[in-house]
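Structure record follows, encoded as structure tokens.
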Protein chains: 2
Amino acid sequence: MVVDQRSDAGLDRLFQAFADATRRDIVRRVTVGEYSVSGLAALYTMSFAAVQKHVAVLERASLVTKEKRGREQIVRANHEGLQRARRLLDEYEAIWRQRAERIADILAEN
Amino acid sequence: MVVDQRSDAGLDRLFQAFADATRRDIVRRVTVGEYSVSGLAALYTMSFAAVQKHVAVLERASLVTKEKRGREQIVRANHEGLQRARRLLDEYEAIWRQRAERIADILAEN
DNA sequence: ATAGCCTACAACCAAATGGTTGTAGATCAG
DNA sequence: CTGATCTACAACCATTTGGTTGTAGGCTAT
């Protein structure tokens, strides 16, 4: 009935952050190399402010960090967020496999 | 500049589906056992229609399937969706590790 | 010091989300 | 057949999301 409310807001933000192609692309890029916000903005057809917002969403989801360097803001990938998302999906996978085993056991009993 | 990204609507739907605690709970439950839509609805404080919508979101994201049985609609976990999401996160993880190796190599050169 | 970049942030808008209530069609139990 | 149950779906509402433009402030380079 009551669903784990506490840390769920973090997971909501995490998966919400992944639910946009532009944001997934940003995560990919900043994992490989360093980009300023404007460096990222140059990659897409949308406005600078729009990209800025996408980066903010990723930052709130712990998928990215920003660090001021001179007048630029450098965006870097944050492994924590990715790991957390992966752990959750791994949990689901584990549950699935348990179910598969249980079914196999039932069939084996016959 | 050009956003090569096949703006994968399927992935958008997938992660969007995970971005809600109720929906994550539904996925967990239907992986373990069988539930009708109303059986699921009984678990939460929200209305039947709201749960129905959540199930629809999960179905469109390929995380769940529905099958009519008498007057009920049985909801089952669909492994495909989960696998697809996991594969994407695994890709990101692989990119991260490549980066880590590359950095280690650069350090080793000195 | 001035001009030009980089960023932050506010205000606004359209569309999507997450919820509600209400209505109606199937199906099952008695 | 009648009534209860399960589902589907429409209409509505408030909030969030993803985008825009505009304004202002902090650095940098000349």
Side-chain angles (χ1 to χ4, degrees), chain A residues 1-5 8-27 29-30 33-61 63-76, chain B residues 1-3 5 7-27 29-30 33-61 63-76:
Chain A
M1 179 85 80
V2 177
V3 190
D4 255 359
Q5 295 182 348
D8 279 7
L11 286 176
D12 288 3
R13 266 178 267 133
L14 244 179
F15 287 106
Q16 179 62 35
F18 273 117
D20 180 282
T22 301
R23 288 196 293 263
R24 289 193 298 272
D25 193 58
I26 290 175
V27 169
R29 298 205 187 245
V30 301
E34 271 190 4
Y35 286 86
S36 65
V37 178
S38 60
L40 286 171
L43 299 169
Y44 310 101
T45 54
M46 69 190 73
S47 70
F48 173 83
V51 174
Q52 211 177 8
K53 282 191 183 183
H54 281 307
V55 171
V57 169
L58 291 170
E59 196 181 14
R60 283 184 43 239
L63 279 168
V64 136
T65 60
K66 282 193 303 186
E67 189 189 344
K68 212 183 303 182
R69 193 161 72 190
R71 69 183 155 183
E72 295 184 330
Q73 198 83 255
I74 304 299
V75 182
R76 294 202 183 81
Chain B
M1 183 77 79
V2 177
V3 184
Q5 284 294 70
S7 59
D8 216 329
L11 285 176
D12 288 4
R13 266 178 267 134
L14 244 178
F15 287 106
Q16 179 61 36
F18 273 118
D20 181 282
T22 301
R23 288 196 291 263
R24 289 193 298 273
D25 194 58
I26 290 175
V27 170
R29 298 203 186 246
V30 301
E34 271 189 6
Y35 287 85
S36 65
V37 178
S38 60
L40 286 170
L43 299 169
Y44 311 99
T45 55
M46 68 191 74
S47 70
F48 172 83
V51 174
Q52 209 176 9
K53 280 192 184 181
H54 281 307
V55 171
V57 169
L58 290 170
E59 195 180 15
R60 282 184 45 239
L63 280 169
V64 136
T65 60
K66 283 192 302 186
E67 189 190 344
K68 212 183 303 182
R69 193 161 70 191
R71 69 181 155 185
E72 295 183 331
Q73 199 82 256
I74 303 299
V75 182
R76 295 203 182 78

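Heavy atoms only: backbone and side chains are in, while hydrogens, waters and symmetry mates are out.
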Contact list (N/O, under 3.5 angstrom) for nucleotides 23-30 of chain C vs protein:
none

Indicate yes or no for a side-chain donor-acceptor contact from [X] to the backbone of [Y] under 3.5 Å, with no hydrogens or angles considered.
X        : Y        : value
Gln73(A) : Lys68(A) : yes
Arg29(A) : Leu40(A) : no
Arg23(A) : Gln16(A) : yes

[X] [atom1] - [N] [atom2] separation (whole Å):
X        : N       : atom1 : atom2 : value
Asp20(B) : dA16(C) : CG    : P     : 18 Å
Tyr44(A) : dG18(D) : OH    : C1'   : 15 Å
Lys53(A) : dG18(D) : NZ    : P     : 9 Å
Phe48(A) : dG18(D) : CZ    : P     : 18 Å
Asp12(B) : dG19(D) : CG    : P     : 10 Å
Arg60(A) : dG18(D) : CZ    : P     : 11 Å
Glu67(B) : dC6(D)  : CD    : P     : 18 Å
Glu34(A) : dC6(C)  : CD    : P     : 15 Å

In the structure I gave you, are the side-chain heavy atoms of [X] and [Y] within less than 4.5 Å of one another anywhere?
X        : Y        : value
Met46(B) : Lys53(B) : no
Phe18(B) : Arg24(B) : yes
Ile26(B) : Tyr35(B) : no
Ile74(A) : Glu72(A) : yes

Sugar-phosphate, base or nothing in reach of Gln16(A), heavy atoms under 4.0 Å: sugar-phosphate
Hey, is the side chain of [X] poking within less than 4.0 Å of OP1 or OP2 on [N], counting only N and O atoms?
X        : N       : result
His54(B) : dG19(C) : yes
Gln73(A) : dT7(C)  : no
Gln52(A) : dA8(C)  : yes
Ser47(A) : dT20(D) : yes
Ser38(B) : dT7(D)  : yes
Lys66(B) : dA8(D)  : yes
Ser36(A) : dC6(C)  : no

Shortest non-hydrogen contact from Leu58(A) toward Ala17(A): CD2-CB, 4.0 Å
What is the minimum heavy-atom distance between Thr22(B) and His54(B), and which atoms define it?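 For Thr22(B) and His54(B), the tightest heavy-atom pair comes out as CG2-CD2, 3.9 Å.
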Selected nucleotide, minimal atom distance to Ala49(B) side chain, candidates dT20(C), dG18(C), dT7(C): dT20(C)
Interatomic spacing from OG in Ser38(A) to CD in Gln52(A) - rounded to 0.5 Å: 10.0 Å
If each end axis of the helix from dA1(C)-dT30(D) to dG30(C)-dC1(D) is fitted on five C1' pair positions, the angle between them, to 10 degrees, is 30°
